Protein chains: 2
Amino acid sequence: MTTEPEVPAYRPPTLTDVAKLAGVSVATASKAINGRGEVRSSTRVRVLEAAELLSFAPNALARGLLSGRTGTVGLLTSDLEGRFSIPILMGAEDASGAGQVSVFLCDARGDAIREKHHVQALLSRRVDGLIVVGSRTDPRPPLAGTIPVPVVYVYAPSADPADISITVDNVGGGRLAIEHLLACGRRAIAHITGEAGFQAARDRAEGAAAALAAAGLPMVGDRPYFGSWDESWGRAAAHMVIEQHPEVDAIFCGSDQIARGVLETLRDFGRDVPRSISVIGFDNWEAIAADSRPRLTSIDMNLKHLGEVAGQRLFAAIDGAAPSSEEFPGRVVMRESTLPVG
Amino acid sequence: MTTEPEVPAYRPPTLTDVAKLAGVSVATASKAINGRGEVRSSTRVRVLEAAELLSFAPNALARGLLSGRTGTVGLLTSDLEGRFSIPILMGAEDASGAGQVSVFLCDARGDAIREKHHVQALLSRRVDGLIVVGSRTDPRPPLAGTIPVPVVYVYAPSADPADISITVDNVGGGRLAIEHLLACGRRAIAHITGEAGFQAARDRAEGAAAALAAAGLPMVGDRPYFGSWDESWGRAAAHMVIEQHPEVDAIFCGSDQIARGVLETLRDFGRDVPRSISVIGFDNWEAIAADSRPRLTSIDMNLKHLGEVAGQRLFAAIDGAAPSSEEFPGRVVMRESTLPVG
DNA sequence: AGCACATCCTAAAACCTTTTCGGAGATCTT
DNA sequence: AAGATCTCCGAAAAGGTTTTAGGATGTGCT
């Protein structure tokens with residue numbers, strides 16, 4: 001019985017191949033390529049030419065095995081569908097910048113089992129660090145087990161304050177929105193927002209209340225209208241507000257989708273935005289806010305920047321920096337729905 | 001000059017540690033853990049207990065170095081922001097299923113230089129294969145240089161028909177939309193869509209035209225209204241259609257955003273959707289389609305499934321399967337904007 | 001000529017796992 | 001009791017790279 005003559009599998013060129021072609025030892029080839037050690041320049045070019053010729057690419061596995069650093073990080077997200085993960089993910093990828101670092105993407109679907117599984121796999125691949133992206137701003141339990149590499153939590157902070165968490169200042173965001181409406185000359189402001197079960201909704205409402213209190217103004221309806229994050233709630237709530245409090249001259253919405261619903265109802269009622277009443281949204285979701293009628297002013301939480309910072313913090317921690325958390329403010333992106341009166 | 005007494009760096013447990021603790025050789029430990037070779041069951045449990053105790057995780061780098069298979073694939077996307085990459089990306093991640101495979105995520109931002117750079121890095125990490133996700137359905141140039149691993153192109157096919165491409169049947173999608181409107185009893189159908197520079201726009205229009213021709217009906221306005229993919233074009237184009245062709249009783253829109261604009265203008269004109277006129281969108285973008293007034297019927301291209309198939313094809317190709325491309329049909333997701341008349 | 005020294009290069013070890021082959025001990029057969 | 005057979009385990013090599021320590025030249029000086 002003869003063994004099948006296997007097709008000679010393609011074998012990527014190794015440093016040995018390069019060295020042989022250049023007529024030097026592997027050690028010399030390594031030094032020539034990495035610019036380390038004493039190598040005569042004529043030898044160096046000979047090696048580099050050989051490497052070029054073979055289109056040699058150093059085996060990162062072997063390198064990582066030896067150095068203990070792989071130049072990879074794990075990015076653990078809990079919902080890829082959600083719109084919050086994506087910009088953060090982009091920022092984090094950007095932070096790894098010069099191409100030294102590659103990113104493993106894992107989606108745990110909010111499932112703790114799956115998460116554990118992914119972490120296991122990532123550690124097995126000897127990632128240098130982990131970034132954990134949440135989909136809500138509510139604090140999340142830290143990764144289970146002891147993780148031998150630095151971890152940075154983004155958007156959703158870790159429940160353990162000793163961990164590194166990079167978050168958004170939702171209280172400040174709520175304050176910003178109200179202050180913008182006040183600056184536009186508004187005085188009778190209502191707040192329609194999402195589920196009270198979300199920390200984000202509560203925080204934004206808190207900031208809004210604080211800003212109104214500071215201005216000595218009541219909130220129209222006395223308290224926020226909590227509901228859901230979608231358009232139909234925006235329509236329904238706006239209906240109630242208009243009927244119960246016709247004097248309202250501005251509405252701060254907890255999401256751009258809610259704001260879209262609000263705009264629609266205001267149009268039904270013949271209320272002119274922004275002349276008779278101002279509307280401001282939250283999230284600055286381009287697809288929703290940038291093309292409505294009128295175009296929607298909104299609070300942008302700079303999620304991409306959040307991701308960049310998370311990446312930077314992770315790399316710093318890998319290099320031994322002390323952990324520290326940070327919270328970032330948002331900014332008002334002004335469009336036509338809050339043109340000042342007068 | 002004394003060298004600083006380094007903090008003893010944490011060293012992940014190796015198979016040697018496990019073997020030592022269990023009182024066996026590394027070879028035996030390996031066999032016990034991987035269930036290979038002849039190992040007495042009492043020895044096996046001893047090894048497994050030791051591994052558990054040290055929370056040993058096999059070093060995937062060493063394993064990959066030896067076997068030539070890393071169990072990693074590269075996912076090269078051209079725009080993470082775009083909504084098309086994400087579901088595909090999710091599907092591809094799913095396909096890698098049982099946790100055997102990890103995915104490197106790279107965003108080339110549509111930049112050829114950056115793309116080359118990323119490919120280089122991925123090959124250096126010895127990925128077993130590559131998935132390339134485009135953001136438009138227009139064919140794209142294949143990856144530059146010779147790639148020593150299988151490559152699957154998704155959404156945007158490779159310009160080289162010898163490559164594996166997994167795409168969406170936009171012509172069929174256009175046909176589906178028209179057939180649905182016909183089934184609803186409509187006869188005077190217009191088509192408002194995005195930039196003619198997009199293959200997707202042209203394909204959908206082609207499918208629509210074919211379906212109308214097959215039914216012996218003209219297209220209202222004689223040809224599609226090409227414009228841009230956004231809401232404001234939807235509003236503007238609907239305005240034109242209504243004024244020039246008041247007899248129109250259905251509008252097929254090239255995107256859900258266009259459809260939103262169309263719905264808004266129809267409302268302005270007092271045209272009742274779906275009683276007086278039907279509207280169907282494209283993409284089935286939940287955030288846009290699922291909460292409009294009325295809720296929007298749309299064509300869903302099953303992008304996640306596309307990603308899954310791409311993953312499966314890639315793994316098959318890695319295992320030596322012959323390359324083959326495939327095109328997938330969409331499906332109608334019916335909501336209130338196309339309730340049948342009568 | 002003989003020595004010190006700088007320059008350039010090489011051999012070998014290390015990183016961690018898997019696999020092959022052979023050896024040691026135990027059990028069975030005659 | 002001697003050989004044959006089985007069962008289980010260990011030694012060693014391989015995979016590709018980097019680094020350390022030392023070896024081989026050649027140069028400058030006395």
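For the numbers below, each heavy atom of this structure counts, side chains included, while hydrogens, waters and symmetry mates do not. In the text below, chain A, chain B and the rest are named by the order of the sequence lines, each starting its count at 1. These numbers were taken from a predicted model, which means no experiment stands behind them.
Atom C1' of nucleotide C:dC16 and atom CG of B:Asp17 are separated by 11 Å, given to the nearest angstrom. Between the P atom of D:dT17 and the CZ atom of A:Arg126 lies a distance of 20 Å, rounded to the nearest Å. C:dC21 atom P lies 16 Å from atom CZ of B:Arg36, rounded to whole Å.
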Check nucleotides 6-13 of chain C against the protein and report each pair of N or O atoms closer than 3.5 Å, with its distance, or say if there are none.
from, atom 1, to, atom 2, distance (Å)
C:dC9, OP1, A:Thr43, OG1, 2.3
C:dC9, OP2, A:Arg40, N, 2.9
C:dC9, OP2, A:Thr43, OG1, 3.4
C:dT10, OP2, A:Ser25, N, 2.8
C:dT10, OP2, A:Ser25, OG, 2.9
C:dT10, OP2, A:Thr28, OG1, 2.7
C:dT10, O4, A:Lys31, NZ, 2.9

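Under 3.5 Å, the side chains of A:Thr14 and A:Asn59 contain no donor-acceptor pair of N or O atoms. Between B:Ser102 and A:Arg125, the side chains place a donor N or O and an acceptor N or O closer than 3.5 Å (distance only, hydrogens not considered). A side-chain N or O of A:Ser324 and one of A:Arg313 form a donor-acceptor pair less than 3.5 Å apart.
Of the side-chain N and O atoms in B:Ser30, one or more sit less than 4.0 angstrom from OP1 or OP2 of C:dT18. For the OP1/OP2 pair of C:dT18 and a distance below 4.0 Å, the side-chain nitrogens and oxygens of B:Asn34 include at least one atom meeting the criterion.
Near DNA chain D, meaning a heavy atom under 4.0 Å from it, residues 60-74 of chain B has B:Ala62, B:Leu65, B:Leu66 in order of number.
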Walk me through it: do A:Asp163 and A:Arg140 pass the test salt bridge (Lys or Arg N to Asp or Glu O under 4.0 Å)? CA-CA 11 Å; A:Asp163 290 329; A:Arg140 52 152 289 154; over 6 Å; no

Assess whether salt bridge (Lys or Arg N to Asp or Glu O under 4.0 Å) is satisfied between A:Asp79 and A:Arg136, documenting all intermediate values. CA-CA 10 Å; A:Asp79 80 320; A:Arg136 301 173 50 161; over 6 Å; no

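Looking at A:Thr137, its side chain does come within 3.5 Å of a backbone N or O of A:Ala200 through a donor-acceptor pair. Distance alone, capped at 3.5 Å, is enough to place a donor-acceptor pair between the B:Ser165 side chain and the B:Ser158 backbone.
Results of the side chain to side chain contact (heavy atoms under 4.5 Å, CB included) test with A:Leu130 over A:Ile147, A:Val73, A:Leu76 single out A:Ile147 as the only residue that passes.
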